[in-house]
Amino acid sequence: MTAPGERILIIGGGPVGFALALDLAHRGRASTVVERDAGTGLVLLAKAGFLNERTMELFRRWGVADQVAHWGCPEDYPRDTTYCTSLLGHRIGTAPLECARDRIRPESTPEINRKCPQYVLDPLLAKLAGESGLVEVLYETVFEELTEEADCVRARLRNTRTDTVVEREAPYVVGCDGAASSVRQAVGIAFEGETLDRSVSALVRIENLENYHPLGRAERFMFIGPKGTWANLTSVDLMSLWRFTAVGVSPDADLDSLDLTEELKRALGRDDIPFEIVRNVGWRRSQCTAATFRQGRVLLAGDAGHTTSPTGGHGLNTGLGDAAGLGWVLDAVLSGWGGEPLLDAYSQERRLVAIRNSTASTSNYRAWVGGIDYSGVLDEGPTGEEARRDVAAHLDEALYPEWNSYGVAMGYRYDESPVVVSDGTPPTEDDPSIYLQTSRPGHRAPHAWLSEGRSTIDLFGSGFVLLSFSPQADFEPLIEAAAQQSLPLQCVPIADEAIAALYERKLVLVRPDGHVAWRGDALPDAESRDRGSGAAALIERVRGAP
Ligand SMILES: Cc1cc2nc3c(=O)[nH]c(=O)nc-3n(C[C@H](O)[C@H](O)[C@H](O)COP(=O)(O)OP(=O)(O)OC[C@H]3O[C@@H](n4cnc5c(N)ncnc54)[C@H](O)[C@@H]3O)c2cc1C
């Protein structure tokens with residue numbers, strides 16, 4: 001039984017808050033999740049739906065990949081994006097993407113990307129966190145303020161049903177409370193960036209939409225007018241629930257009361273298609289990043305640390321990466337083998353990834369609305385056809401990185417991190433669409449099958465892992481140095497030439513989050529037992545020794 005004061009306090013029971021609680025529970029760490037709503041999944045939340053390959057790898061680690069992949073949406077529904085003037089207007093072009101059943105899994109991952117809307121995902125994560133027995137959830141409770149002391153944080157919460165104050169003490173508080181984060185504001189961390197537009201989405205039920213238009217089934221229809229993309233209709237469940245988004249509404253509009261009925265009819269191109277608007281949601285499209293993800297004992301993860309235009313579907317994927325990046329760090333520091341600098345390293349590593357991913361998303365957004373003259377797209381006759389050909393060519397090229405973002409998903413690296421040991425090799429290209437595996441320090445450790453259904457990445461997740469590809473490699477000094485600091489380290493010899501070639505060096509040290517911390521053909525200065533050099537110094541570095 002964990003005393004309340006020992007539990008990590010997670011403010012915000014959204015997907016990132018529960019994923020962090022789950023990651024901590026996997027490490028045997030107890031947490032309390034504070035959520036202002038009365039439960040999880042009470043509203044039909046249909047924001048994130050695209051879960052990239054790296055996220056699916058994390059879900060694999062947390063034991064939920066199968067449930068996320070097979071929650072009930074059809075496997076044979078095409079994931080194409082079709083550009084058109086309306087469903088009954090002109091087809092401009094299509095960016096094809098195979099359905100889950102036909103998609104070829106990239107060689108570099110055991111998972112394919114998936115579609116799972118938040119109204120399915122969030123309750124699933126909440127349920128699994130609850131089942132761990134290590135996660136306490138306080139619903140109908142809001143975070144109000146905090147005071148940091150030398151060895152703990154005191155937080156004042158309020159139960160909104162009973163209107164009573166709940167005081168909690170915790171070793172660390174993590175703000176997973178979304179873009180308007182009260183935690184971030186409470187500690188005065190600046191949130192810098194820009195608003196790109198204000199948009200409003202309607203969740204719409206339309207049965208058998210494909211029966212009413214000639215464009216065929218697609219996951220997304222983008223509606224193009226003389227000023228560029230003005231709306232899109234995206235399938236939420238690959239069945240009958242759609243999200244219709246009007247891009248860039250007037251800055252003065254009251255987003256919550258906007259009625260999109262007329263815009264939707266314009267997009268459908270006819271007004272006899274039966275539909276039901278389930279709810280409207282106004283939102284601000286922005287690219288903002290917190291100045292730091294750590295201030296003392298307070299940390300940020302998810303939208304609390306970064307906002308991202310949904311163009312590309314990187315927001316939640318980035319937030320789940322934060323959860324995976326933070327869980328092991330908190331566990332390390334609380335266990336005593338990790339030093340406080342690990343917390344700063346978390347902030348630096350994930351902040352740079354957030355900037356990288358949100359910049360890619362903003363670039364996708366700009367391609368939607370600019371970059372070419374759209375004025376002739378509605379014209380009939382040869383001039384209209386030519387204008388639409390130009391727009392198709394522009395969108396095919398400019399939006400390629402949005403529909404093909406494997407590089408964004410997999411290629412982020414922590415090579416500038418203070419707890420990663422550079423080997424002096426130059427950075428590999430960081431292309432939004434292309435990902436090439438490498439064991440270069442800071443990168444995700446490569447995937448290869450060890451046996452049927454068992455990947456090298458399944459070796460990672462709890463402590464550090466030293467992969468040894470040579471029977472001659474002497475790794476004893478590293479084992480000893482780790483043991484001296486109680487750093488959990490397991491050595492795994494691998495006698496497979498293809499995997500050895502993929503990993504490029506005879507010894508590769510992988511962190512609990514699956515990223516390479518160090519690599520070499522021999523331990524540095526293997527004879528030395530001094531903390532300032534050799535294997536001992538390596539351990540000091542990767543554990544963030546003060
Ligand atoms: C239209 C749209 C489409 C999107 N599509 C994708 C996609 O396909 N893929 C993707 O990766 N991302 C996508 N995103 C982004 C994604 O939805 C967010 O990045 C994600 O929801 C962030 O999760 P979070 O847990 O950090 O924050 P949130 O989901 O905002 O959760 C925060 C939680 O904290 C609670 N809370 C807030 N304040 C307090 C308080 N003071 N006390 C207690 N609780 C509090 C809230 O009730 C909420 O439950 C999309 C976003 C939009 C708008």
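Just follow the structure's listing: the first ligand is 1, and inside any ligand the first atom is 1.
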Distance-only criterion, 3.5 Å: show the donor-acceptor pairs between side-chain atoms of residues 8-18 and protein atoms not counting sequence neighbours.
none

For this session: Please determine if R154 and E149 form a salt bridge, counting it only when a charged side-chain N lies under 4.0 Å from a carboxylate O.
Result: yes
Problem set entry | Carboxylate-amine/guanidinium proximity below 4.0 Å for R60 and E111 | yes
Seminar exercise, completed: Check: of N357, L51, L138, D303, min heavy-atom distance to atom 18 (C) of ligand 1 comes from D303
Exercise. Considering only heavy atoms of V142, which atoms of ligand 1 have at least one such atom less than 4.0 Å away?
Worked result: 42 (N), 43 (C)
Exercise. Is it the side chain (CB and beyond), the backbone, both or neither of C176 that lies under 4.0 Å from ligand 1, heavy atoms counted?
Worked result: backbone
For this session: Considering heavy atoms of the protein only, find what lies nearest to atom 5 (N) of ligand 1 and give residue, atom and distance to 0.1 Å.
Result: K47 O, 3.1 Å
Exercise. For H213 and F221, what are the C-alpha separation, side-chain angles and deciding distance, and is it a ring pair (Phe, Tyr, Trp, His ring centres under 6.0 Å)?
Worked result: CA-CA 12 Å; H213 66 87; F221 296 95; 5.3 Å; yes
Problem set entry | Carboxylate-amine/guanidinium proximity below 4.0 Å for E219 and K115 | yes
For this session: Tell me which part of P15 gets within contact of ligand 1: side chain, backbone, both or neither, using heavy atoms under 4.0 Å.
Result: both
Exercise. For ligand 1, is T141 a contact, meaning one of its heavy atoms is under 4.0 Å away?
Worked result: yes
Exercise. With a 4.5 Å heavy-atom cut-off, do F59 and L320 have their side chains touching?
Worked result: yes
For this session: Kindly confirm or rule out an N or O of R243 lying under 3.5 angstrom from an N or O of ligand 1.
Result: no
Exercise. Do any N/O atoms on F143 end up under 3.5 angstrom from N/O atoms on ligand 1?
Worked result: yes
For this session: Tell me which part of A48 gets within contact of ligand 1: side chain, backbone, both or neither, using heavy atoms under 4.0 Å.
Result: both
Exercise. Judging by distance only, is a nitrogen or oxygen of A179 under 3.5 angstrom from one on ligand 1?
Worked result: no
Problem set entry | Geometric cation-pi criterion, R205 with F275: 6.0 Å, 45° | no
Exercise. Does a donor on one side chain sit under 3.5 Å from an acceptor on the other, for S201 and W283?
Worked result: yes
Problem set entry | Where ligand 1 meets W283 - atom numbers and elements under 4.0 angstrom, heavy-atom basis | 1 (C), 53 (C)
Problem set entry | R266 with E262: basic N within carboxylate O range, under 4.0 Å | no
Exercise. In ligand 1, which numbered atoms sit nearer than 4.0 Å to a non-hydrogen atom of V34?
Worked result: 43 (C), 44 (N)
Problem set entry | E144 to ligand 1, any heavy atom closer than 4.0 Å | no
